[in-house]
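Step one of this worksheet: look at the structure below.
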Amino acid sequence: MSGMWGKNVRFSIFGESHGEAIGIVIDGLPSGIKLDLEEIKRELARRAPGNSELATPRKENDYFDILSGYFNNYTTGTPLCIIIKNNNTISKDYASHKSNMRPSHADFTGNIKYKGFNDYRGGGHFSGRITAPLVFAGAVAKQILSSFGISIGAHIYSIENVYDTPFNPCDIDNSLLSRLSTMEMPVINKDAAEKMKYAILAAKSQGDSVGGIVETSIIGLPAGIGDPFFNSIESCLSQLLFSVPAVKAVEFGAGFNISKIRGSEANDIPYIQNDTVRTRTNNNGGVLGGISNGMPIVFRCALKPTPSISIMQESVNIDTKENVNIEIKGRHDPCIVVRAVPVIEAAAAIGILDLMMVSRN
Ligand SMILES: Cc1cc2nc3c(=O)[nH]c(=O)nc-3n(C[C@H](O)[C@H](O)[C@H](O)COP(=O)(O)O)c2cc1C
């Protein structure tokens, strides 16, 4: 089933953007884990649109109700189920998308796959809103990983043509990742934030949207986690990262650029530091043969510009089989990248948690 993922810890995500509620069931968590619920709320607030003009005007508080699997402040070991109510829906704005397909959104593919029975309101199950429960699960995973000394953090690497300073892939510390997690525009170079905001607002003022890249790092992961082939760190994380709506490319380490350099430059030369094997460069993004080598895991995800833009566009009416011109209504993010940062961190945390549990068996 498409809504389920995981081998040792299993995640089942559900809900529609304008339905009663969205949520997730997490099965396979160890019992006796004390969760910091305030920290989970803080993670959800990072994804929520807030009052920023950079995000959708749809305001949802994203409060969660824990329905099962948590008792007297500890996980019970049985399925942990949470729901997040949808409170702020304006479904009439989406009536025309039942037939008139938004270019680059999932209206057409959803209609075909579910034979027209899909809940198209607000994008239904394809909405970015469904990433809220993912962030809940990621926050739980992060708390478990942090007890093993593993941290995950990300920054906005680029928006349109504006670039931040990249991570130093050999040397990323916890204080940088924590600082980024408190920023409205998480960037390493403060000057980039203003230029990125400008790019988003310029597109928005023209009824348009922009995309960008999120760079993520996982630090403290010991060498030896992951498997060759199908359960490699890269293949496991990529499946989760590509599940995040609007992610269209993922690259690890030097990524596509590794094809432009020679072996003598690409090879990460190992050396011993305090009895530990490190590498002088990290072009492989901390993964060799699908298995962590103890260096930071570094990867980048490219997100497309928000498909729902208010500029008039050509499209099709799926019922009358006619070409039409459409003007999209509803409330939309002029750029998905900013809100996607905690979502991508969450996807990575879920993947690493599952791999850690597999490796412990
Ligand atoms: C956090 C987040 C917010 C999003 N907000 C919007 C939005 O406001 N409007 C929109 O059209 N798409 C938005 N999307 C993207 C769509 O959900 C996505 O493009 C669509 O489901 C098609 O999937 P695909 O782009 O992965 O092919 C958002 C995605 C995420 C992760």
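Counting starts at 1 for both ligands and their atoms, in listed order.
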field: Contact list for residues 205-220, test side-chain hydrogen bond (donor to acceptor under 3.5 Å, both in side chains), sequence neighbours left out
entry: His155-Glu215, Glu215-Arg300
- prompt: With sequence neighbours left out, which residue pairs that include part of residues 237-248 fulfil the side-chain hydrogen bond (donor to acceptor under 3.5 Å, both in side chains) condition?
  reply: Trp5-Gln239
- request: If a pair satisfies ring pair (Phe, Tyr, Trp, His ring centres under 6.0 Å) and one of its residues is in residues 282-326, list it, with sequence neighbours excluded.
  value: Phe252-Phe299
query: Does a salt bridge link Asp268 with Arg280, judged by any charged N lying under 4.0 Å from a carboxylate O?
result: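 Between Arg280 and Asp268 there is no salt bridge, as every charged N stays at least 4.0 Å from the carboxylate O atoms.
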- prompt: If you measure from the Lys or Arg side-chain nitrogens to the Asp or Glu carboxylate oxygens, is any gap between Glu43 and Lys142 under 4.0 Å?
  reply: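 The answer is yes: the pair qualifies as a salt bridge.
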Could you list each nitrogen or oxygen of ligand 1 that sits under 3.5 Å from a protein nitrogen or oxygen, with the atom names and the distance?
from, atom 1, to, atom 2, distance (Å)
ligand 1, 5 (N), Asp333, OD2, 2.8
ligand 1, 8 (O), Asp333, N, 2.9
ligand 1, 8 (O), Asp333, OD2, 3.4
ligand 1, 9 (N), His332, ND1, 2.9
ligand 1, 11 (O), Ser308, N, 3.2
ligand 1, 11 (O), Ser308, OG, 2.6
ligand 1, 17 (O), Phe126, O, 2.9
ligand 1, 21 (O), Phe126, O, 2.8
ligand 1, 25 (O), Ala246, N, 3.3
ligand 1, 25 (O), Lys304, NZ, 2.7
ligand 1, 26 (O), Ala246, N, 2.9
ligand 1, 27 (O), Lys248, NZ, 3.1

message: Within the 4.5 Å heavy-atom criterion, are Phe64 and Ile40 side-chain neighbours or not?
response: yes
